[in-house]
Amino acid sequence: MEKDVLKKPKKGKIFIISGPSGAGKSTLIEDALKYLPNFERSVSVTTRPKRKNEEQNKKYCFLNEDEFKKMIKSDELLEYADYCGFFYGTPKKNVESILKKGKNLILEIEVKGAVQIKEKIKNSYMIFITTTSFTELENRLKKRNTEQTEDIKNRMKTAAIELEYQKYYDCIIVNNNYNEALLNLIYILKTQGENKDGL
Ligand code: 5GP
């Protein structure tokens, strides 16, 4: 499928958004999408257990490990990676259907998957969202109360590795002030999304 996406120039462009847990990626994307009718985010598959406030097939399709491995085996994923002990992946068919509509696609994915996509689809645009302080990340994770203490520690350890990947990104947004970060994200997506040089 990557070949199809690469061959047929569609108007939609792929935007990869990554950053450490607690940086505010999901909320920023959700709010930015309200102002960006020509953008859609893809639904990922994951083996992570569903949180109380999450719905099946909204942000994630929750699978067991066998189901996930089946998708890997049958080459249904554009990229996948493990993150803090669980698998996360982007189904090719979700990407294809959004791009076919001529819409820009937002992939909120971790750094290893991001690099895989960039290798396959060169003109995808990579945005890294972060804060200037680890303490702030940790505080936000504690406050959102979706992970156990051990998981938070794991996510903080992973954050240190993720920060090393910033150099591969086209742009970095520092989310210390939410409204500023949101305006920056909308501006970047709008201006880069209008630059329709196809895939
Ligand atoms: P969370 O468990 O907090 O929802 O997500 C953990 C990490 O997995 C986040 O960095 C998120 O961006 C990333 N992620 C979500 N979906 C995917 C995906 O399809 N592929 C990859 N590689 N990472 C993903």
Side-chain angles (χ1 to χ4, degrees), residues 1-2 5 14-30 32-33 39-99 104-121 124-131 137-138 140-141 144-148 150-166 168-169 173 175 185:
M1 194 281 301
E2 301 94 76
V5 170
I14 293 181
F15 290 83
I16 299 163
I17 301 185
S18 311
S21 197
K25 303 178 296 287
S26 298
T27 318
L28 281 168
I29 293 169
E30 206 179 301
L33 281 173
F39 283 75
E40 249 183 62
R41 58 172 302 157
S42 155
V43 177
S44 294
V45 285
T46 183
T47 60
R48 167 172 74 62
K50 189 157 77 67
R51 295 173 188 148
K52 272 193 209 128
N53 58 342
E54 288 178 317
E55 277 173 48
Q56 177 76 319
N57 292 327
K58 200 166 175 210
K59 183 175 168 194
Y60 290 117
C61 169
F62 296 94
L63 302 176
N64 65 38
E65 208 164 303
D66 283 346
E67 290 168 325
F68 195 99
K69 284 183 175 161
K70 241 186 229 168
M71 288 188 83
I72 299 175
K73 214 170 163 195
S74 52
D75 197 27
E76 289 175 65
L77 300 178
L78 187 56
E79 62 72 37
Y80 68 93
D82 69 291
Y83 175 90
C84 294
F86 298 108
F87 285 119
Y88 294 79
T90 307
K92 290 178 179 177
K93 71 170 179 358
N94 296 354
V95 169
E96 203 173 33
S97 77
I98 293 171
L99 293 177
N104 293 314
L105 167 71
I106 294 181
L107 297 176
E108 184 200 330
I109 60 177
E110 54 66 65
V111 293
K112 289 172 284 179
V115 170
Q116 290 174 47
I117 300 264
K118 185 69 183 180
E119 271 169 14
K120 288 176 183 165
I121 302 165
S124 45
Y125 190 87
M126 298 174 83
I127 302 170
F128 195 88
I129 298 182
T130 186
T131 65
L137 287 178
E138 197 168 358
R140 287 185 195 175
L141 279 182
R144 83 179 187 196
N145 202 21
T146 49
E147 279 84 24
Q148 306 291 323
E150 204 47 41
D151 296 329
I152 292 179
K153 273 191 199 158
N154 241 330
R155 282 175 180 246
M156 292 312 297
K157 266 192 217 155
T158 308
I161 300 165
E162 288 173 305
L163 293 177
E164 289 172 20
Y165 280 74
Q166 283 181 82
Y168 299 117
Y169 285 72
I173 294 178
N175 180 16
L185 180 61

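In what follows, every heavy atom counts, from backbone to side chain, and hydrogens, waters and symmetry copies are set aside.
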If I take atom [atom1] from residue [X] and atom [atom2] from residue [Y], how far apart are they, to the nearest 0.5 angstrom?
X	Y	atom1	atom2	answer
Thr146	Asp151	OG1	CG	9.0 Å
Leu185	Lys25	CG	NZ	12.5 Å
Leu137	Leu163	CG	CG	7.5 Å
Ile14	Leu107	CD1	CG	5.5 Å
Met126	Tyr169	CE	OH	4.0 Å
Phe87	Arg48	CZ	CZ	15.0 Å

So for atom CD, which belongs to Glu30, do other residues, nucleotides or ligands contribute more than 12 heavy atoms lying within a distance under 6.0 Å?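 It does not: Glu30 CD has 12 such atoms or fewer within range.
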Check the surroundings of atom CD in Gln148: do more than 12 heavy atoms from other residues, nucleotides or ligands lie under 6.0 Å from it?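 Atom CD in Gln148 is not crowded, with 12 or fewer foreign heavy atoms closer than 6.0 Å.
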List the steps and the verdict of side-chain contact (heavy atoms from CB on, under 4.5 Å) for Thr90 and Leu77. CA-CA 5 Å; Thr90 307; Leu77 300 178; 6.0 Å; no
Test side chain to side chain contact (heavy atoms under 4.5 Å, CB included) applied to Leu99 and Asn94, Ile121, Leu105, Asn104, the passing residue: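 For Leu99, the side chain to side chain contact (heavy atoms under 4.5 Å, CB included) check succeeds only for Leu105.
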What are the two closest non-hydrogen atoms of [X] and [Y], and how far apart are they?
X	Y	result
Phe86	Tyr88	O-CD1, 3.6 Å
Ser124	Ile16	OG-CD1, 3.8 Å
Gly89	Pro91	O-CD, 3.5 Å

Would you please say whether a donor-acceptor pair under 3.5 Å links the side chains of Lys59 and Ser26?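 There is such a pair between these side chains.
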Give a yes-or-no answer on whether the side chains of Glu162 and Ser18 include a donor-acceptor pair shorter than 3.5 Å.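 No, because no side-chain N or O of Glu162 sits under 3.5 Å from a partner of the opposite role on Ser18.
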Side-chain touch [X]/[Y], heavy atoms, less than 4.5 angstrom:
X	Y	answer
Thr131	Arg140	yes
Arg41	Ile17	no
Tyr60	Ser44	yes
Glu147	Glu150	no
Thr130	Pro20	yes

Tyr80 and Phe68 aromatic ring geometry - parallel, tilted or perpendicular at 30°/60° bounds: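 Judged by the thresholds at 30° and 60°, the geometry between Phe68 and Tyr80 is perpendicular.
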So, are [X] and [Y] salt-bridged, with charged N and O less than 4.0 Å apart?
X	Y	value
Lys50	Glu55	no
Glu54	Lys58	no
Lys73	Glu76	no

Show your working on side-chain contact (heavy atoms from CB on, under 4.5 Å) between Lys112 and Asp82 and close with a plain yes or no. CA-CA 9 Å; Lys112 289 172 284 179; Asp82 69 291; 3.5 Å; yes
Does Asn64 form a side-chain contact (heavy atoms from CB on, under 4.5 Å) with Thr47? I'd like the steps, not just the answer. CA-CA 5 Å; Asn64 65 38; Thr47 60; over 6 Å; no
Would you say Gln116's side chain and Leu78's backbone share a donor-acceptor pair under 3.5 angstrom?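 No, because the side chain of Gln116 does not come within donor-acceptor range (under 3.5 Å) of the backbone of Leu78.
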Donor-acceptor pairs under 3.5 angstrom involving side-chain atoms of residues 153-160: please list them, not counting sequence neighbours.
unit_1: Arg155; atom_1: NH1; unit_2: Ser21; atom_2: OG; d: 2.9
unit_1: Thr158; atom_1: OG1; unit_2: Asn154; atom_2: O; d: 2.8

Step through it carefully: locate the ring centre of Phe128, locate the ring centre of Tyr168, and say whether they are under 6.0 Å apart.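 No, the ring of Phe128 stays outside the 6.0 Å limit from the ring of Tyr168, centre to centre.
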Assess whether side-chain contact (heavy atoms from CB on, under 4.5 Å) is satisfied between Thr46 and Phe62, documenting all intermediate values. CA-CA 5 Å; Thr46 183; Phe62 296 94; 3.6 Å; yes
